[in-house]
Protein chains: 2
Amino acid sequence: MQSHTPAGRAGRPRSAAADAAILAATREALVELGWSKLTLGDVATRAGVAKTTVYRRWTGKSELVTDALATLFDQLVLPDRGSLRADVEGVVLQFADLLEQPATKTALMAVVAEATHDEALRQRLREKIVARQKRLVVEGRRRAQSRGEIPADVTDPGPQIDLIFDVIAGAVVHRTLVSCEPVDADWASRFTAVLLDGLAAAGG
Amino acid sequence: MQSHTPAGRAGRPRSAAADAAILAATREALVELGWSKLTLGDVATRAGVAKTTVYRRWTGKSELVTDALATLFDQLVLPDRGSLRADVEGVVLQFADLLEQPATKTALMAVVAEATHDEALRQRLREKIVARQKRLVVEGRRRAQSRGEIPADVTDPGPQIDLIFDVIAGAVVHRTLVSCEPVDADWASRFTAVLLDGLAAAGG
DNA sequence: AGCTTTCGCTACGACTCGTAGCGTAATGCC
DNA sequence: GGCATTACGCTACGAGTCGTAGCGAAAGCT
């Protein structure tokens, strides 16, 4: 949200129900209208609140959509499927499912586009989406190490984690949204094989 | 362009100079204003033409920006650096340079975002960008085969070409625009190693 | 020449923008 | 309970953009 209710603040507090209604209305409007035709006035009407209530909490369309998008990405989890390979395939398919949702794909690309010339929005995107989802890579690595599938870290794992994250997320996004081809079980299997074999051979 | 001059058509032909001026003005406006603040009226003013002239050739902002974007992507070539590994690193760095240009990054993401809910625009994107750039992968493979670095095709190479294209383009785009980290020589080297070793081990 | 099409220009109604002002509702503090 | 404070819904506003229409003039094909 744009502003948490300051602790010990006098006066009527912001309605949490209004926050939720606005975010839900934003996701709904993204599906029906897409980014460019989405208006904050329309979102307010759908949410059953006044337009001014939306503007009191978010400074603009970009910020609102970013927060609505974050609620969608937080659906992602890393189910334990028993092996590194199966875990990666699982997260690839799960991410692809998320990108199949019209609200997700429209919002993600539009926010990234706006962020290219808006430093504050870039920061928001990093905090609420990138940093939160990178946890999946960290967790997957940790699990694979505890299973003995990959060696424990000897050097700083940061760069490798970044590389893996960009390759997985980038490839899935690109195939789904730019090439407009489906990410099915076969593609996920072939992609995972290339990634894991490449990491094993190249040594990170 | 939106409409080629029909052959053997009577009357005054469309000005090719106006086409070029409009596309150049669009690239310029994308840099300064980004997608959401770019208006066709402003583009017309910058190009030194009337607003109606723009609307006669392109049906909307998305189509115009897509064509302006295609002129930027057509800068990409595949220099022969002597080995598959060097060729891939070269194209990765070249693509990263292209995405450093403000006009490219803003336009690419915005067009993809609009394309998620516009089938005609998706088609235009595939024709003018995706299909044209996939040639780089095809050419790189052909060269590597003629050098004997990889075996000649036994099965249909189509799926592998698609996979390679999405992994390369996706990873570079994601690192540059979503993670907002630079694609330098070190990253390109590590990425290329993972990709090529993975393809060699996984066998496509 | 004569015909056809494009060009620049102006104007138009419709829409969205983000903000301001009002009276009312809901809460914390005393 | 009463009061100060803040959020809320509503209405209205000027500014800006949208995409289109109509006009006379310019430019090129046959």
Side-chain angles (χ1 to χ4, degrees), chain A residues 1-26 28-30 32-67 110 114 118 120-121, chain B residues 1-26 28-30 32-67 110 114 118 120-121:
Chain A
M1 314 313 135
Q2 180 69 358
S3 65
H4 306 182
T5 304
R9 190 107 161 94
R12 176 177 176 177
R14 293 247 169 107
S15 161
D19 276 341
I22 292 169
L23 289 173
T26 303
E28 181 187 310
L30 277 170
E32 291 181 25
L33 307 173
W35 165 267
S36 64
K37 290 178 183 167
L38 180 148
T39 72
L40 295 201
D42 185 58
V43 168
T45 304
R46 289 170 190 264
V49 301
K51 192 170 60 161
T52 42
T53 299
V54 178
Y55 278 101
R56 273 187 205 105
R57 297 162 195 236
W58 285 277
T59 60
K61 193 202 279 198
S62 303
E63 290 76 12
L64 172 60
V65 172
T66 302
D67 288 2
E114 291 301 309
D118 181 340
L121 186 59
Chain B
M1 313 314 133
Q2 179 70 359
S3 65
H4 304 182
T5 304
R9 191 107 163 95
R12 176 177 178 177
R14 294 248 169 107
S15 161
D19 275 342
I22 292 169
L23 289 174
T26 304
E28 180 186 312
L30 277 170
E32 292 181 24
L33 307 172
W35 164 268
S36 64
K37 290 179 182 165
L38 180 148
T39 72
L40 295 201
D42 185 58
V43 167
T45 304
R46 289 169 189 266
V49 301
K51 191 170 62 161
T52 42
T53 298
V54 178
Y55 277 102
R56 273 187 205 104
R57 297 161 195 234
W58 285 276
T59 61
K61 194 201 279 197
S62 303
E63 289 76 12
L64 172 60
V65 171
T66 302
D67 288 2
E114 291 301 309
D118 180 340
L121 187 59

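The chains referred to below are lettered A, B, ... by the order of the sequence lines, with proteins before strands, and numbering in each begins at 1.
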Side chains of [X] and [Y], heavy atoms from C-beta outward: is any pair under 4.5 Å?
{"X": "A/K51", "Y": "A/V54", "result": "no"}
{"X": "A/I22", "Y": "A/W58", "result": "yes"}
{"X": "A/L64", "Y": "A/L23", "result": "yes"}
{"X": "B/E114", "Y": "B/K61", "result": "no"}

Next item on the list: Identify the heavy atoms of B/L40 and B/G60 that sit nearest to each other, and give their distance.
Entry: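 Residues B/L40 and B/G60, closest heavy atoms: CD1-C, 4.2 Å.
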Rounded to whole Å, how long is the line connecting atom [atom1] of [X] with atom [atom2] of [N]?
{"X": "B/R56", "N": "C/dT5", "atom1": "CZ", "atom2": "P", "value": "13 Å"}
{"X": "A/L33", "N": "C/dC15", "atom1": "CG", "atom2": "P", "value": "15 Å"}
{"X": "A/W35", "N": "C/dT16", "atom1": "CH2", "atom2": "P", "value": "16 Å"}
{"X": "B/L64", "N": "D/dT17", "atom1": "CG", "atom2": "C1'", "value": "16 Å"}
{"X": "B/Y55", "N": "D/dG22", "atom1": "OH", "atom2": "P", "value": "18 Å"}

Checklist line | Positions of residues 36-46 of chain A (non-hydrogen atom under 4.0 Å from DNA chain C), listed by number | finding: A/T39, A/L40, A/G41
Check: At under 4.0 Å, does any side-chain N or O of B/T53 touch on OP1 or OP2 of C/dG8?
Finding: yes
Note to self: On the nucleotide C/dT6, are OP1 or OP2 found under 4.0 Å from the side-chain N or O atoms that B/R14 carries?
What the structure shows: yes
Is there a donor and acceptor pair closer than 3.5 Å between the side chain of [X] and the base of [N]?
{"X": "A/T52", "N": "D/dC10", "answer": "yes"}
{"X": "A/R12", "N": "C/dT27", "answer": "no"}
{"X": "A/K51", "N": "C/dG18", "answer": "yes"}

Next item on the list: Would you work out how much the helix from C/dA1-D/dT30 to C/dC30-D/dG1 bends between its ends, with each end axis defined by five base pairs, to 10 degrees?
Entry: 30°
Next item on the list: Go through the steps for A/T53 and A/R56 under the test side-chain contact (heavy atoms from CB on, under 4.5 Å), then give the verdict.
Entry: CA-CA 5 Å; A/T53 299; A/R56 273 187 205 105; 3.6 Å; yes
Notebook entry, point to check: Measuring from B/T26:OG1 to B/D67:CG, what's the distance to the nearest 0.5 Å?
Noted result: 9.0 Å
